[in-house]
Amino acid sequence: MSYSIAIDGPAGAGKSTIAKKIAKQLGFIYVDTGAMYRAMALHILKKGISPENAGNMSQACKDADISISYENGEQVVWLNGENVSGLIRAEEVGNMASVSSANQDVRTKLVSLQQKLAETADVVMDGRDIGTCVLPNADVKIYLTASTAVRARRRFDELAAKNQACSLEQIEQDIIERDERDMNREISPLKQAEDAVLLDSSDLTVDEVVEKIIFLVQR
Ligand code: DC
C-alpha cells in the first residue's frame with residue numbers, strides 16, 4: 001500500500017514549495033495537480049476556445065494527452081509530446097485553468113490520472129480537491145491557507161524575481177477572483193476536508209510549515 005499526503009488550499013498559500021520540501025525529506029514523489037489543469041488550459045487556449053464555451057472545452061480535452069515525468073526530482077509536464085513546464089506558468093494560463101477546471105470532463109480525465117499515480121508510489125499531492133475527492137483516504141490531509149494580502153505579495157515577489165512586470169493590485173484582484181471561482185464552482189469546489197488539518201502560513205516560515213506537517217506524518 002502506498003502512502004499519501006494531500007495538501008489543498010487556495011492559490012499562493014505555498015502548497016507547492018511546502019509539498020516539494022516534504023517529498024524530498026520523505027523520499028516521496030511530488031505531484032502538482034495544478035500543473036495538469038494548467039496544461040489542459042494551455043491546450044484549450046491554443047485551440048482558441050473561449051471560457052464561455054463549455055461544450056468545446058469538453059471536446060478539446062479528448063485530444064489532450066497529458067502526462068508527467070521526473071527529471072532530477074522535478075516534475076516535468078507533457079502536453080501531446082511537448083514539454084510545457086515553462087509555458088503553463090503564465091498568468092493567462094493560470095486564469096484559464098481556474099475556468100476550465102470547473103468542467104466535468106476535464107476533471108474526470110485528470111482525477112483518474114492523479115489516482116493512478118498515487119496507486120503506484122508514495123506521494124505528496126497538492127491541489128484543490130485532493131483530500132475531498134482525489135484521495136479521500138489519504139494518510140495525512142492538510143488545508144494550507146494564508147491571507148489574500150500575503151498570498152498576493154508572495155506571487156508578486158516570485159514574478160519580480162523573474163523580472164516579469166506585474167502590479168501587486170492586479171495580482172491581488174486575480175487571486176480574489178480565482179478563489180471565488182475555485183471555492184464556488186459546482187464540481188469539487190475548494191474546501192477543507194472534514195479530516196484535514198488547517199494550517200495558516202501567513203505568519204509562518206516555509207520551514208515551520210514543513211516541520212508541522214512532518215510532525216503529523218510521524219505521529
Ligand atoms: O495551483 P494552481 O494555481 O497551479 O492551479 C491552477 C488552477 O487549477 C486553479 O485555479 C484551480 C485548478 N485546480 C483544480 O481545480 N484542482 C486541482 N486539484 C488543482 C488545480
Side-chain angles (χ1 to χ4, degrees), residues 4-20 23 30-45 51 54 57-58 61 64 66 68 74-77 79 84-118 123-136 138 141-146 148 150-152 154-156 158-159 162 164 166 171-193 196 201:
S4 54
I5 302 172
I7 304 183
D8 290 301
K15 298 185 299 294
S16 67
T17 309
I18 306 284
K20 266 185 213 163
Y30 164 53
V31 183
D32 171 1
T33 63
M36 298 177 187
Y37 286 96
R38 284 169 180 266
M40 187 63 88
L42 179 64
H43 180 68
I44 289 167
L45 282 169
M57 266 186 209
S58 296
C61 101
I66 293 167
I68 62 171
E74 286 285 312
Q75 177 178 284
V76 179
V77 187
L79 169 64
V84 293
S85 309
L87 289 176
I88 58 172
R89 294 296 149 201
E91 286 297 291
E92 184 198 10
V93 178
N95 289 333
M96 176 52 116
S98 168
V99 177
S100 53
S101 60
N103 180 288
Q104 178 70 74
D105 296 306
V106 168
R107 298 205 76 82
T108 304
K109 183 161 179 161
L110 296 182
V111 167
S112 139
L113 177 63
Q114 292 152 14
Q115 288 172 334
K116 279 193 196 120
L117 279 165
V123 293
V124 182
M125 192 176 278
D126 77 359
R128 304 293 189 289
D129 61 337
I130 311 306
T132 52
C133 170
V134 181
L135 305 175
K141 295 183 188 177
I142 307 291
Y143 189 85
L144 186 66
T145 188
T148 313
V150 167
R151 291 187 284 132
R154 286 179 186 159
R155 183 75 188 131
F156 177 83
E158 221 175 85
L159 291 171
K162 290 190 220 160
Q164 285 181 25
C166 53
I171 289 177
E172 187 158 356
Q173 194 50 42
D174 279 353
I175 282 186
I176 292 169
E177 282 171 25
R178 202 182 290 188
D179 284 357
E180 172 70 23
R181 277 195 299 264
D182 294 348
M183 291 174 180
N184 296 304
R185 66 182 176 218
E186 253 172 63
I187 314 160
S188 308
L190 167 65
K191 65 168 194 251
Q192 186 181 341
S201 73

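These numbers come from the heavy atoms of this one structure, side chains and all, not from hydrogens, waters or symmetry mates. Atoms within a ligand are numbered from 1 in the order they appear, just like the ligands themselves.
- Heavy atoms of E177 found under 4.0 angstrom from ligand 1: none, in either backbone or side chain.
- Neither the backbone nor the side chain of M36 comes within contact range of ligand 1; no heavy atom lies under 4.0 Å.
- Heavy-atom proximity to R178, at under 4.0 Å, picks out these atoms of ligand 1: 3 (O), 10 (O).
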Throw together a table of side-chain donor-acceptor distances under 3.5 angstrom for residues 4-16, partners on residues two or more places apart or in other chains.
from, atom 1, to, atom 2, distance (Å)
D8, OD1, R128, N, 3.2
D8, OD1, D129, N, 3.1
D8, OD1, I130, N, 2.8
D8, OD2, I130, N, 3.2
D8, OD2, G131, N, 2.7
K15, NZ, G9, O, 3.0
K15, NZ, P10, O, 3.0

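- Salt bridge absent: R155 and D174 never bring a charged side-chain N and a carboxylate O closer than 4.0 Å.
- Nearest heavy-atom pair, C166 versus L159, reported as atom, atom and distance to 0.1 Å: SG-CB, 3.8 Å.
- Not one N or O on the side chain of K141 forms a donor-acceptor pair closer than 3.5 Å with the backbone of A193.
- Among protein heavy atoms, atom 16 (N) of ligand 1 sits closest to R107 NH2, 3.1 Å.
- Between the side chains of R185 and S101, at least one donor N or O lies within less than 3.5 Å of an accepting N or O.
- Close N/O approach between R128 and ligand 1 is found [any backbone or side-chain N/O within under 3.5 Å].
- Contacts between R181 and ligand 1, counted as non-hydrogen atom pairs separated by less than 4.0 Å, are absent for every part of the residue.
- No hydrogens or angles considered: nothing links the side chains of T17 and R154 as a donor-acceptor pair under 3.5 Å.
- Looking at D32, D182, T132 and measuring to atom 11 (C) of ligand 1, the nearest heavy atom belongs to D182.
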Yes or no on side chain to side chain contact (heavy atoms under 4.5 Å, CB included) for R107 and Y37, after CA distance, side-chain angles and deciding distance? CA-CA 8 Å; R107 298 205 76 82; Y37 286 96; 3.3 Å; yes

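- For ligand 1, one of its N or O atoms has an N or O atom of T33 under 3.5 Å away.
- Among protein heavy atoms, atom 7 (C) of ligand 1 sits closest to A97 CB, 3.7 Å.
- Listed by number with element, the atoms of ligand 1 under 4.0 Å from a non-hydrogen atom of S98 are 10 (O).
- For atom 8 (O) of ligand 1, the closest non-hydrogen atom of the protein is Y37 CB, 3.5 Å.
- Considering only non-hydrogen protein atoms, atom 12 (C) of ligand 1 sits nearest to S101 OG, 3.5 Å.
- A pairwise comparison of heavy atoms in V123 and L117 identifies CG1-O, 4.2 Å as the closest pair.
- The shortest N or O to N or O distance between R38 and ligand 1 is under 3.5 Å.
- Not one N or O of D126 is nearer than 3.5 Å to an N or O of ligand 1, by distance alone.
- At a heavy-atom cutoff of 4.0 Å, ligand 1 is contacted by no atom of A11, backbone or side chain.
- Across all non-hydrogen atoms, the minimal contact from V99 to M57 is CG1-CE, 4.3 Å.
- Considering all non-hydrogen atoms of both residues, Q75 and I68 come closest at OE1-CD1, 3.4 Å.
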